[in-house]
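To start, the structure itself, in structure tokens.
Note on naming: letters A, B, ... go to the chains in the order of the sequence lines (proteins, then strands), and numbering restarts at 1 for each one.
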Amino acid sequence: MSAGAGFALGRLAEELAATLDAHPERVVTGVASPENAGPDDLAYLADRRHLETARASRAGAFLAAAGVTGLPGPTLQCRDPRRALAMVLRLFHPLTPVVPGIDVSARVAPDARVDPAASIGAFAVVESGALIGPRVRVGPFAYVGERVEIGEGSELFPHVVIYGGCRLGCRVLVHAGVVIGSDGFGFIPGADSHLKIPQVGTVRIEDDVEIGANSTIDRATLGETVIRRGTKIDNLVHIGHNVDVGERCLMAAQVGIGGSSRIGRAVMLGGQAGVGDHVEIGDGAMLSAQSGTVQDVPSGVRYALTWARPAMQAQRIWVAEAQLPDLLRSVRTLERRVATLEAREGQRP
Amino acid sequence: MSAGAGFALGRLAEELAATLDAHPERVVTGVASPENAGPDDLAYLADRRHLETARASRAGAFLAAAGVTGLPGPTLQCRDPRRALAMVLRLFHPLTPVVPGIDVSARVAPDARVDPAASIGAFAVVESGALIGPRVRVGPFAYVGERVEIGEGSELFPHVVIYGGCRLGCRVLVHAGVVIGSDGFGFIPGADSHLKIPQVGTVRIEDDVEIGANSTIDRATLGETVIRRGTKIDNLVHIGHNVDVGERCLMAAQVGIGGSSRIGRAVMLGGQAGVGDHVEIGDGAMLSAQSGTVQDVPSGVRYALTWARPAMQAQRIWVAEAQLPDLLRSVRTLERRVATLEAREGQRP
Amino acid sequence: MSAGAGFALGRLAEELAATLDAHPERVVTGVASPENAGPDDLAYLADRRHLETARASRAGAFLAAAGVTGLPGPTLQCRDPRRALAMVLRLFHPLTPVVPGIDVSARVAPDARVDPAASIGAFAVVESGALIGPRVRVGPFAYVGERVEIGEGSELFPHVVIYGGCRLGCRVLVHAGVVIGSDGFGFIPGADSHLKIPQVGTVRIEDDVEIGANSTIDRATLGETVIRRGTKIDNLVHIGHNVDVGERCLMAAQVGIGGSSRIGRAVMLGGQAGVGDHVEIGDGAMLSAQSGTVQDVPSGVRYALTWARPAMQAQRIWVAEAQLPDLLRSVRTLERRVATLEAREGQRP
């Protein structure tokens, strides 16, 4: 886990605004989990459940929450240890600078404009009219379609495909195998054949968006499919045509969003959650993992579905549920019958 | 949204069999939504819910349903405006003709037969014995395996992979990242290891099928996995080995179909719907989004699952459901007890 | 379905330890299903449901379970016909030997070590410090990142992406479009922006693992994401960062596993099943298709969710369920009221 460079604990305490209990001069050269850390590593203690493991750790030092003591080495105590971990990992693993230039095997159209500070990888294809900003990395086998625009500091990992006309902002990270701008799923069903509605819109991805491996974002029928600033999308997610995703959303893996839906700001969608077509999800709403909705969800509320159970029980419930509407009626009838009996009972001497 | 060419409204009215209320000579050069349309655009009014937006539009003309009036510009009224939109988009964005030829960077096996009217893109690989028909487009980085056949007018977008022996019909559209012909998931579970069943069948895709980005269609164990004529498949869909999908089905994104299942004609599967192994789905059946079945579904019926709810309510229901089978018994018992009481009550003077 | 070579039935009977009822000298040259088999084919009878089809088959011979008789040709009876099918398919379709060498179009870093018995396909990229073992096949367009290690006899199908630092064991099969080692989904949510936690761990795939098309396996934040020996993964599966999957698991298509979860040995996950973050699934447990859990599942148990129903019924149940917690209370109240009535009834002369 070591990245070569080392940092003195005292220096790390300053950078992280952490409290250090001993040995400010000790140097650590890597970050690891308590069970894997060696004497040159800083071990990160995710939470108190791992205290026991940490006490047996060979780590040279520890990064933990405020108040965690008794560890077998000098400890950096932080108010927000997860944030501190993010910072310390960036210190040990700084972003490598972009090596500008176009790989000799890449295919760049003569009228594509590639900033001299951008990097175009092996076998990449950049089509006519594309615009690649400074410090952009276009990875091996990436396909950048006609008139695509990519803003400063963005990165396309290997095998990314961006169809013609789509635009990406700055510092957008697009992981391997992502497809942006494929046709929306628009057909007019017919008895003999389904008529394709040409998908002539585009996709716009704003600044600081990250998109996980093999996710797909369809182009709009007309206008734009939009992913707004700071939204983070996990792997194998599907975003349909004309969807508008607000700022700072978090979408876990395998989420699917149907055409023309509008997702508010800071919405959180759990893994495999689904949103139907033309649905509106309010700001800050949450859909738990695997839940789905074909109706609008108001701002701030949390939606959930039910979860798996032991199979025998699930089967019995499934059978019983079919009788549930009748059961409701039976109980209402029973209540009336009992009330009648009680009334007569009351009249009796 | 303009594509350069313009059309007079009178000409459009003829092509679409639409009624035009004014200005047949006015020329529009693009199609847009009412909010984005400019004075040279034809604005498409999806439905009456957007009437208000349309009334504030700067569009030069409108395309709307029969009976929609009062818009701030000449209006083409159509019986089926969505179909008219498909037609008008095709007029403004005609399919670009295939530029025949094999890119100098492509790798085509000497004994592959590529029609002179086909186009093979940059870095494409066409293996031995493959057969590429007229006006086929093989996109950049596409992989066409040994003995693969691709019929007239089909298109492989960038990064499509077709394993050896698979056959595609005419006018098949395969979006970026699709994998056709990967091994079916066939193993004989064992205590020490799972024995792989060699997957030696193929995949056959019939005419006019469209397959969305990053979807996967497995080859058969023996024989063929078949996708029949006119079926449209969205992104990230999985079709297992030996599945037979009938004509003109519509499958939304992230649908999964287990091995050896048979899907009838014109079946509609909502997003994230799942079909188990060896299941038969009848003609015209529908599975709503996220629903799943491991049992056969008869023709013409619509199947659904339940939907997400506010999380607190979902949790309470989930807990209550566990008591549902017992509850059914309790109510039956109560009914008997109440009947007994009522009978005695009836005997009393 | 023929592969050129032929086998005498007597020889097959020996290889499969099968009973043959006639014609040991007859030669078959292929394997097929009963409906597709011709006079030179061995027809495989999956189960007795297909007996009728088999009786009408033109096949030259049959492979069936012990006790199946009356077929229109000599029959190999086997105790485990599915295992026999796997063996006979391997006989007819032997693995083709690796043709060693580096394709002239491939890009291999000078300091990558490629075994002379390995094969590197067209346009493949092998980055600095990578280590490719004997008889490994790196398919066209595969991307092998820096310091990646791939053990003997493994195969990367076209378009596989392996990010830097990941390690694959021996005989690992990675189907087209798979991404291994993309960043885990780790962010610290913030009001203005979400802070990315650098993902500096790796992925380790042990021997004899198979991974289906377009699946994604994320690298660990720290340490390793691990897929242990003999596990088989279907298409479009997502494995989150720091997940540890035990030996010999079977995961059907579109399964998703959240970050840091631990899956035991020989766990079976049905299609589209989901496991939340930090969840532990015990050895031999099963999650049925589409089921999901955010809680630990003990060893050996089977979990399931409910299944789709006719839409009208599903809708009525969904409405009724909302009243279920209240209904439970109503029934308890009713039981008390009836008991009171019964008690008074008992006291009466």
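- Using a 4.5 Å heavy-atom threshold, the side chains of A:E224 and B:N36 count as separate.
- Looking at A:S291 and B:R309, their side chains never come closer than 4.5 Å, going by heavy atoms from C-beta outward.
- The CE atom of B:M312 lies 14.0 Å from the OH atom of A:Y303; values are rounded to the nearest 0.5 Å.
- Using a 4.5 Å cut-off on side-chain heavy atoms (C-beta onward), B:F141 and A:H159 make no contact.
- Per-residue counts of heavy-atom pairs under 4.5 Å with chain A were compared for B:G230, B:S105, B:P325; the largest is that of B:P325.
- Centroid-to-centroid, the aromatic rings of B:F157 and A:Y163 come within less than 6.0 Å.
- Interface residue B:Q272: only side-chain heavy atoms are found under 4.5 Å from chain A.
- With contacts defined as side-chain heavy-atom distances shorter than 4.5 Å, the pair A:V200/B:F92 does not qualify.
- With a 4.5 Å cut-off on non-hydrogen atoms, B:I233 touches chain A through its backbone but not through its side chain.
- Although no hydrogens or angles enter the test, the distance criterion places a donor-acceptor pair under 3.5 Å between the side chain of A:H194 and the main chain of B:R248.
- The greatest number of non-hydrogen atom pairs below 4.5 Å with chain B, out of A:A273, A:G240, A:G276, is found for A:A273.
- For A:E321, the parts lying near chain B are the backbone and the side chain together; criterion is any non-hydrogen pair under 4.5 Å.
- Between the side chain of B:Q254 and the backbone N or O of A:Q254, at least one donor-acceptor pair lies under 3.5 Å.
- Side chains of B:P158 and A:V161 form a contact here, defined as non-hydrogen atoms less than 4.5 Å apart.
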In a table with atom names and distances, give each donor-acceptor pair under 3.5 Å that connects a side chain of residues 180-193 of chain A to protein atoms at least two apart or in another chain.
residue	atom	partner	partner atom	Å
A:S182	OG	A:D218	OD1	2.8
A:D183	OD2	A:K196	NZ	2.8

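- Side chains of B:H175 and A:V179 form no contact here, defined as non-hydrogen atoms less than 4.5 Å apart.
- Residue B:R171 places its CZ atom among more than 12 non-hydrogen atoms of other residues, nucleotides or ligands, all under 6.0 Å distant.
- Counting heavy-atom pairs under 4.5 Å between each of B:A322, B:A339, B:S288 and chain A puts B:A322 at the top.
- Interface residue B:E335: backbone and side-chain heavy atoms are both found under 4.5 Å from chain A.
- With chain A as partner, the option from B:K232, B:R83, B:R90 having the largest number of non-hydrogen pairs under 4.5 angstrom is B:K232.
- Across B:N235, B:N214, B:L236, a single residue satisfies side chain to side chain contact (heavy atoms under 4.5 Å, CB included) together with A:L236, and that is B:L236.
- Taking the side chain to side chain donor-acceptor pair (under 3.5 Å) definition, one finds that B:D326 meets it with B:R329, sequence neighbours left out.
- Within the 4.5 Å cutoff, side-chain heavy atoms of B:D103 are placed close to those of A:R107.
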